Every structure is written in C-alpha cells, then in structure tokens.
Amino acid sequence: MVEIDLNHIYKRYANAEEDNYAVSDFDLHIKDKEFIVFVGPSGCGKSTTLRMIAGLEDITKGELLINGKYENDTAPKDRDIAMVFQNYALYPHMTVFDNMAFGLKLRKYDKDTIKTKVDHAAKILGLSEYLDRKPAALSGGQRQRVALGRAIVRDAPIFLMDEPLSNLDAKLRVTMRAEIAKLHQELNTTTIYVTHDQTEAMTMADRIVVMSMGEVQQIGTPKEVYETP
Ligand code: ADP
Ligand code: ADP
C-alpha cells in the first residue's frame with residue numbers, strides 16, 4: 001500500500017527573488033497504484049515537484065507524507081522511490097549490467113541478489129543479450145529501457161518518471177508508452193509521470209495534474225480534463 005500526500009508544497013530556489021516560487025501551493029493526495037501525470041508547458045514546475053518528492057530538491061514549505069510518515073528530510077537513497085530521468089542518466093563507461101546494478105551496489109546488496117534482480121529486469125525489458133554492452137552501443141529505445149531497468153531492479157513501490165520518452169522518435173514513443181503502462185500494471189507501482197505531451201497524459205494517466213506557472217490549474221481524469229462539456 002502506498003499513499004502519497006503533498007500538502008501545500010512550495011518551492012523557491014535559493015537564487016530566486018523573494019516572492020518568486022517555482023512551485024506554489026501544490027496540494028494532492030495520491031492513491032495506491034495510481035498513475036498520475038503532471039502535464040504543462042516547460043518551466044511550469046513539474047520537474048521541481050517530482051524532484052522534491054524524490055528528495056533531490058528541498059521543500060521550501062509544506063509537507064510530503066508517504067503512508068502518513070513525514071518524509072521532507074529523508075535522504076533520496078533512503079526513500080522507497082525509483083526515478084527515471086529524461087536524459088537516461090546512464091554512466092557511459094559502465095556496461096548495461098553495471099548501469100542497472102549501480103543503485104543496488106550503492107545500497108549494499110550482495111552480488112548474487114544483484115545478479116538475480118538485474119537478470120530479471122533485463123528479461124522483462126528484452127535486454128538480456130545486451131548486458132555486456134556500453135550505452136553508446138545501444139539504440140535510443142534500448143537506452144531508455146536500461147534507464148527503466150535501473151528503476152525496476154529497485155523493487156520500489158513508487159516510480160517517478162521525468163519526461164522519459166522525450167528523446168525518442170515519435171514511433172518509438174508510442175511503443176514505449178504502452179510498455180511503461182504495462183510495467184506500471186505488472187509491477188503494481190504507484191507512478192508519477194511528468195510530460196509536456198498531452199497525448200501521453202491522456203493515454204497513460206489515471207489522473208492528470210495540469211500545471212501552469214508553478215500552480216496547479218486542474219486535477220482530474222483524462223476525460224474530465226480534456227473533454228470540455
Ligand atoms: P518543468 O519541469 O515544468 O519544465 P521546472 O520545474 O524545471 O519546470 O522549472 C520550474 C521553474 O523553476 C522554472 O522557472 C525554472 O527556470 C526554475 N528552476 C528550475 N530548476 C532551477 C534551479 N536549479 N535553480 C533555479 N531555478 C530553477
Ligand atoms: P537509483 O537507481 O536508486 O536512482 P542511482 O544510482 O540512479 O540510483 O542514483 C543514486 C542516487 O543519486 C539516488 O539517491 C538518486 O536519487 C540520485 N541521483 C540519480 N541520478 C541523479 C541525477 N541525475 N541528479 C541528481 N541525483 C541523482
């Protein structure tokens with residue numbers, strides 16, 4: 001069971017003017033196994049909000065609760081969260097295996113467990129034959145799968161994805177959209193997905209959070225948000 005409460009969250013970056021908030025009064029209750037999509041134009045605060053949930057940015061004001069527990073001050077690696085980044089954030093000098101294993105090594109898993117988990121994720125993602133390759137020797141879609149693999153091996157109940165498909169061509173985006181939706185189902189995760197693409201939001205989300213200039217404009221199902229009466 002996962003429940004995430006974002007209670008009146010604000011973010012002001014250290015170098016910003018006094019009253020210039022990147023995120024203002026973001027208030028949302030996320031239910032177990034929901035697929036939530038944050039959508040809105042570039043610069044509206046989607047990524048900042050996601051990074052606050054991951055602990056990669058401090059929360060200026062407000063509280064983050066996961067299953068009722070106050071998490072504002074928990075270190076990123078101690079959160080039960082796996083994150084997928086837009087630029088894949090793969091290490092170029094490491095093999096696919098080592099890229100997928102990195103977060104597990106960091107958390108001191110033993111070698112056998114790491115191998116089991118990486119092999120399992122590679123199988124799910126069709127990467128078993130590529131484990132010895134370096135990222136440069138992969139296609140864009142394969143790289144994105146490695147990034148997903150790093151998240152999968154964590155067995156985290158919460159997945160955060162920041163524009164994971166924006167570097168892929170249109171055709172591959174459609175394929176990967178379906179793959180991510182399927183992973184969400186199969187892994188039973190609660191997922192928060194950031195995109196500026198309305199089609200992605202519409203086809204993937206249980207609920208959409210529409211943002212504009214740091215503020216939440218609307219929260220609802222794809223039907224509620226995109227079907228004007
Ligand atoms: P989005 O993900 O919707 O594109 P962001 O969350 O990246 O939006 O950015 C929201 C606002 O915060 C923008 O005005 C952006 O310029 C600003 N911002 C983002 N990151 C930083 C940072 N590290 N330092 C200062 N301002 C930032
Ligand atoms: P994980 O698979 O758990 O994310 P990583 O090896 O990717 O492990 O990252 C280790 C730590 O560094 C994690 O706490 C993660 O949140 C953080 N991290 C990963 N990528 C980035 C990034 N691009 N920018 C900032 N922090 C990152």
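For ligands, and for the atoms within them, numbers begin at 1 and follow the listed sequence. Being a predicted model, the structure only gives us computed values, none of them experimental. Values below: every heavy atom of this structure, side chains too, minus hydrogens, waters and symmetry copies.
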May I have every N or O pair linking ligand 1 to the protein at under 3.5 Å, one per line with atom names and distance?
| unit_1 | atom_1 | unit_2 | atom_2 | d |
| --- | --- | --- | --- | --- |
| ligand 1 | 2 (O) | Ser47 | N | 2.7 |
| ligand 1 | 3 (O) | Cys44 | N | 3.1 |
| ligand 1 | 3 (O) | Gly45 | N | 3.1 |
| ligand 1 | 3 (O) | Lys46 | N | 3.0 |
| ligand 1 | 3 (O) | Lys46 | NZ | 2.8 |
| ligand 1 | 4 (O) | Gly43 | N | 2.7 |
| ligand 1 | 6 (O) | Thr48 | N | 2.8 |
| ligand 1 | 6 (O) | Thr48 | OG1 | 2.5 |
| ligand 1 | 8 (O) | Gly45 | N | 3.1 |
| ligand 1 | 20 (N) | Tyr13 | OH | 3.3 |

Q.
On a heavy-atom basis, which atom in Phe97 and which in Lys115 lie closest, and how many Å separate them?
A. CZ-CA, 4.0 Å
Q) Has the side chain of Asp5 got a donor or acceptor atom that lies under 3.5 Å from a matching backbone atom of Glu63? A) no
Q. So how far is it from Ile36 CD1 to Thr190 OG1, rounded to the nearest 0.5 Å?
A. 9.0 Å
**Q.** Arg12 and Lys61, any side-chain heavy atoms less than 4.5 Å apart
**A.** no
**Q.** Within 6.0 angstrom of Asp132 CG, more than 12 heavy atoms from elsewhere
**A.** no
Q) Which heavy-atom pair separates Lys46 from Phe38 by the least distance, and what is that distance? A) CD-O, 3.6 Å
